[in-house]
Amino acid sequence: MARGRLRIHLGAAPGVGKTYAMLQEGRRLCEQGADVVIGLVEPHGRRLTAALAEGLETVPRHTLVHRGTAFTELDLDAVLARHPQVALVDELAHTNVPGSRNTKRWQDVEELLDAGIDVVTTLNIQHLESLNDVVRQITGVVQHETLPDEVARRADEIELVDLLPETLRRRLVHGDVYPPDRVEGALTHYFRLGNLTALRELALLWLADRVEEGLQRYRAEHGITAPWETRERIMVGLTGGPEGETLIRRAARITARTPGSELLALHIVPGDGLTLPAPGALAGQRALVESLGGSYHQTTGEDIPEALLRFAEAENVTQIVLGASRRGRFSLLLRAGVGRRTIHGSGPIDVHIVTHEQAAGAASPRLPRPPRGTGPARLWSATAGAAVLLPLLTLVLTAVRDRVGLPGALMSYLLAVVVAAFVGGTYPALATAVAAGLLADFYFTAPLHSLKVTRPVDIVALAVFLTAAWLVGAAAGAAARRTRQALRATSEARALSRLAVAIARGQDLPALLEQVRENFALTSLSLLQREPGHAAEPRWYVVASTGERPPERPYEGDLEAPIDDDLTLAARGHGLSGDDQRILAACAAQIGIAHTQGRLTRHAAETDTLAAAEHTRASLLLTASHDLRAPLRAAEEALVRLRPTSDGETRGIATARSAVRRATQLLTDLDDLSRLHAGALDLYLRPVDLDEALTAALDDLGTGGHTLVLRLPEQPPYVLADAALLTRVLTALAADALRHSPPGAPPTLTAEARPGHLTIRITDGTGPDTESDGSRVDARADSLPLRLSRDLGEAMGGTLDHTTTGGAFSVTLTLPTAAHRIAPSPAGP
């Protein structure tokens with residue numbers, strides 16, 4: 001079944017007309033022949049909204065009772081059973097009443113969509129999770145009902161229901177939004193003109209970002225790489241050099257002059273890892289970009305202009321700001337600078353070249369830095385250089401042939417071979433050596449202008465020359481390979497160290513994934529986790545993601561880097577080399593560690609919160625217990641001094657004294673429970689005779705005609721327990737059973753010896769004919785006497801369980817038995 005479509009009417013504040021627009025859409029669809037029902041509409045007493053809902057079929061709501069109050073919610077099962085084409089469901093971010101099928105209404109909507117039902121709904125911008133803090137800062141109101149942004153992003157259609165702030169305030173004054181008694185407070189607080197303007201801007205910007213995402217998705221799906229100037233995006237290229245701040249401020253001024261434009265900063269790390277900015281320089285420039293409202297990005301690339309333009313096309317950049325080259329004129333003669341090459345390939349993108357103090361115009365000419373690696377580009381550069389250098393060198397040498405001779409020519413040619421080896425490696429050096437040997441033979445050995453060699457000394461000289469050239473080329477090639485390997489290792493270590501530093505600083509998972517995505521120039525990246533319990537057909541959910549159309553399943557990505565059995569990293573983008581995939585796997589492992597650390601940190605924070613709450617609760621209980629003891633003692637003394645004049649008063653006073661004693665006992669139980677949980681209750685475990693403990697417990701129950709049926713073995717084994725606490729537990733359990741047993745049906749205490757332990761079962765007199773329900777049994781099982789008895793029993797190494805059989809409530813206390821029946825002397829612990 002095809003998934004239903006979700007349409008959201010988005011508003012900046014209550015009262016702009018979202019529900020009204022939703023109902024208008026429902027009526028329009030109904031007039032076109034669609035099967036439309038109202039799943040839930042909240043008119044909030046607005047007459048026009050309620051009138052518009054009339055005539056549309058409405059599914060009755062589901063009623064729930066919470067804390068004695070009746071609430072109505074969306075009847076999800078009824079809507080699914082009705083299965084219309086379109087369901088109108090108001091207030092997508094609403095939190096359902098406890099006891100509902102789902103916690104949030106958007107989860108109800110997800111079930112409707114999965115069933116193939118189209119849903120039209122409403123949403124206020126302040127309910128989006130990502131904007132919660134911003135809305136709180138603007139309005140001073142904390143929004144407790146929030147919606148994950150991803151739910152809204154997945155909507156098929158989002159329509160902004162817009163209203164001028166002044167118009168909304170007039171609607172408020174006319175009573176079209178709130179009742180008259182709430183208008184004045186709303187106008188002076190939430191609905192202030194500044195608040196409404198800011199909320200409206202938030203809604204417009206958020207929706208503009210969603211439109212931009214849709215545009216980027218369309219361009220990617222249709223293979224459109226040329227920038228569309230729907231929105232000015234100014235990108236500044238940063239090298240980490242001292243000119244960076246000048247370029248950033250220049251780009252920021254261009255952005256400020258173009259309303260609605262966006263500022264981006266990009267730093268490209270070369271694939272060989274050779275560009276090393278000053279420590280902290282990029283960090284300072286990044287902070288400057290972000291302070292000016294821009295965003296900082298970083299990626300890798302073998303060719304700087306190509307990487308710049310690739311990023312610009314991916315981000316739909318319209319203008320690029322670069323600094324004037326710091327290279328000297330001689331270096332620029334050999335190879336064009338980054339700015340010139342970027343302009344050559346920029347196409348419709350405007351490129352601004354900004355001068356600065358470090359530009360080459362103010363510096364003296366200098367030689368280019370020697371190359372530090374080989375590759376196809378350097379190989380062809382070395383070959384082309386040799387093709388130019390050898391003829392020129394030959395022309396100069398032939399002019400002074402009589403002065404330099406063959407040895408001088410060979411030494412000069414050897415210099416050309418060394419240069420070729422230094423630039424291009426082994427193979428260009430060998431080719432240059434062979435070409436230089438032939439030129440030396442042709443122009444400097446007798447007979448001239450012939451490849452014949454007649455003198456042995458010339459043969460030896462040429463052979464030595466070729467051997468030396470081969471050795472130099474081989475050494476240069478090996479050095480270049482080792483240089484590449486070392487630089488590659490440096491680049492990999494730097495990428496991993498940057499990621500490790502980001503993890504140590506506590507950056508969230510989306511920021512870490514964005515750093516990895518930019519490092520490898522990927523389109524999108526997702527951290528996926530397998531849902532437990534689906535080993536046969538694994539189901540995955542997105543823990544965090546970044547980029548356009550991040551994969552939601554491992555097989556949807558072009559690359560995958562498994563972290564463990566349940567966690568993997570999936571990416572879309574171009575293919576990576578074996579070395580890059582290895583580094584991506586290492587980054588994935590670090591991401592997995594960050595994810596685990598985040599879960600542990602959150603768990604620790606929750607544990608600390610619970611511990612603090614428990615400590616506060618225990619402190620309050622102790623304080624209340626101490627404060628209540630004196631009034632209860634005074635009440636009991638006052639009851640003792642009363643002199644009843646009739647039997648009724650006597651029974652009343654006895655009942656009151658019993659209630660006071662029970663309240664006092666409850667306070668004692670609370671004290672003991674708090675001390676036990678705090679570890680302040682001393683235990684003295686020793687062999688205890690069950691008969692003695694039962695005798696003490698019956699004495700503690702006091703007089704009053706209590707009947708308790710005892711079923712004990714002739715010689716019950718000694719139990720390993722604290723005698724005083726065991727007596728306390730037996731007294732509490734027996735008193736509870738007596739209190740809940742009807743007249744004429746006394747409770748039963750049964751003891752049974754088993755290997756290694758003794759079970760004591762106390763069953764009240766409630767039978768099959770006695771009224772008992774599950775809620776009453778659960779309340780009794782969670783009562784304070786049973787909780788205290790359970791905790792005391794566990795502290796003594798035993799267990800306490802409860803069961804209900806045939807309406808009778810039973811409590812079973814299990815304690816370990818002592819190794820010997822003979823108890824130790826009372827003097828020794």
Side-chain angles (χ1 to χ4, degrees), residues 618 621-622 624-626 628-629 632-633 636 657-704 706-708 710 712 716-741 747-751 757-764 780-802 809-818 823-824 826 829:
L621 287 176
L622 287 174
S625 174
H626 293 157
L628 288 174
R629 283 187 184 277
L632 288 174
R633 190 179 302 112
E636 186 172 9
R657 291 184 63 186
S658 176
V660 170
R661 284 196 298 270
R662 187 179 175 193
T664 305
Q665 184 61 43
L666 286 175
L667 291 179
T668 304
D669 291 346
L670 284 174
D671 277 348
D672 290 343
L673 191 62
S674 300
R675 292 170 58 200
L676 180 62
H677 288 175
L681 189 64
D682 295 330
L683 294 178
Y684 172 32
L685 300 180
R686 64 180 182 85
V688 177
D689 188 352
L690 179 61
D691 292 337
E692 295 180 359
L694 283 173
T695 301
L698 293 174
D699 290 340
D700 289 345
L701 288 174
T703 60
H706 303 303
T707 302
L708 187 66
L710 301 179
L712 307 176
Y718 278 39
V719 294
L720 192 64
D722 185 295
L725 295 184
L726 178 58
T727 301
R728 179 77 174 280
V729 170
L730 293 175
T731 303
L733 295 179
D736 184 72
L738 287 168
R739 188 164 51 253
H740 290 88
S741 297
T748 302
L749 187 149
T750 305
H757 61 274
L758 179 72
T759 61
I760 304 170
R761 181 179 296 105
I762 301 178
T763 305
D764 60 24
R780 184 174 171 188
D782 291 334
S783 63
L784 184 59
L786 262 66
R787 288 187 60 185
L788 178 61
S789 300
R790 183 184 300 111
D791 291 348
L792 290 176
E794 292 175 354
M796 293 185 292
T799 59
L800 189 143
D801 300 313
H802 72 277
F809 185 82
S810 298
V811 178
T812 302
L813 175 65
T814 303
L815 292 172
T817 55

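The structure displayed is predicted, hence computed values, not measured ones.
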K.L.:
About how many Å separate CG of L758 and OG1 of T814, when rounded to the nearest 0.5 Å?
P.N.:
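Nearest 0.5 Å value for the OG1-CG distance: 8.5 Å.
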
K.L.:
Atom CG of L813 and atom NE2 of H757: how far apart are they, to the nearest 0.5 Å?
P.N.:
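Between atom CG of L813 and atom NE2 of H757 there are 11.0 Å.
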
K.L.:
For E794, which residues count as a side chain to side chain contact (heavy atoms under 4.5 Å, CB included) partner, sequence neighbours excluded?
P.N.:
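Listed in chain order: R790, D791.
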
K.L.:
Nearest 0.5 Å please: distance from the CG atom of L698 over to the CG atom of L710.
P.N.:
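The CG atom of L698 sits 6.0 Å away from the CG atom of L710.
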
K.L.:
Output all residues satisfying side chain to side chain contact (heavy atoms under 4.5 Å, CB included) with T748, sequence neighbours left out; order by chain, then residue number.
P.N.:
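Listed in chain order: V709, R711, T750.
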
K.L.:
With sequence neighbours left out, what residues match I762 under side chain to side chain contact (heavy atoms under 4.5 Å, CB included)?
P.N.:
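In terms of side chain to side chain contact (heavy atoms under 4.5 Å, CB included), with neighbours along the sequence ignored, I762 is linked to L733, A737, L749.
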
K.L.:
Mind checking salt bridge (Lys or Arg N to Asp or Glu O under 4.0 Å) for D722 and listing every partner two or more places apart, or none if nothing turns up?
P.N.:
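By the salt bridge (Lys or Arg N to Asp or Glu O under 4.0 Å) rule, D722 matches no residue at all.
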
K.L.:
Between L712 and L694, is there a side-chain heavy-atom distance shorter than 4.5 Å?
P.N.:
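L694 reaches L712 side chain to side chain.
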
K.L.:
Which pair of heavy atoms, one from L815 and one from A721, lies closest together, and at what distance?
P.N.:
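Closest approach of L815 to A721, heavy atoms only: CD1-CB, 4.5 Å.
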
K.L.:
Looking only at heavy atoms, what is the nearest atom pair of P747 and D764, with distance?
P.N.:
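Looking at all heavy atoms of both residues, the shortest contact is CB-CA, 3.8 Å.
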
K.L.:
Restricting to non-hydrogen atoms, name the atom on G797 and the atom on P816 that form the minimum distance, rounded to 0.1 Å.
P.N.:
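G797 and P816 have their closest heavy atoms at O-CD, 3.7 Å.
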
K.L.:
Just verifying a value: how many Å separate L690 CG and T695 OG1, rounded to the nearest 0.5 Å?
P.N.:
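That separation rounds to 9.0 Å.
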
K.L.:
Return the CG to CE distance between L725 and M796, rounded to the nearest 0.5 Å.
P.N.:
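If I round to the nearest 0.5 Å, the distance is 6.0 Å.
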
K.L.:
Atom CG of D801 and atom OG1 of T759: how far apart are they, to the nearest 0.5 Å?
P.N.:
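OG1 of T759 is found 11.0 Å from CG of D801.
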
K.L.:
For T727, enumerate each residue passing the side-chain hydrogen bond (donor to acceptor under 3.5 Å, both in side chains) test, keeping only those at least two apart in sequence or located in another chain.
P.N.:
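Partners of T727 by the side-chain hydrogen bond (donor to acceptor under 3.5 Å, both in side chains) criterion come out as none, since no residue qualifies.
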
K.L.:
If you look at every heavy atom in T817 and P717, which pair is closest and at what distance?
P.N.:
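Closest approach of T817 to P717: CG2-CG, 3.8 Å.
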
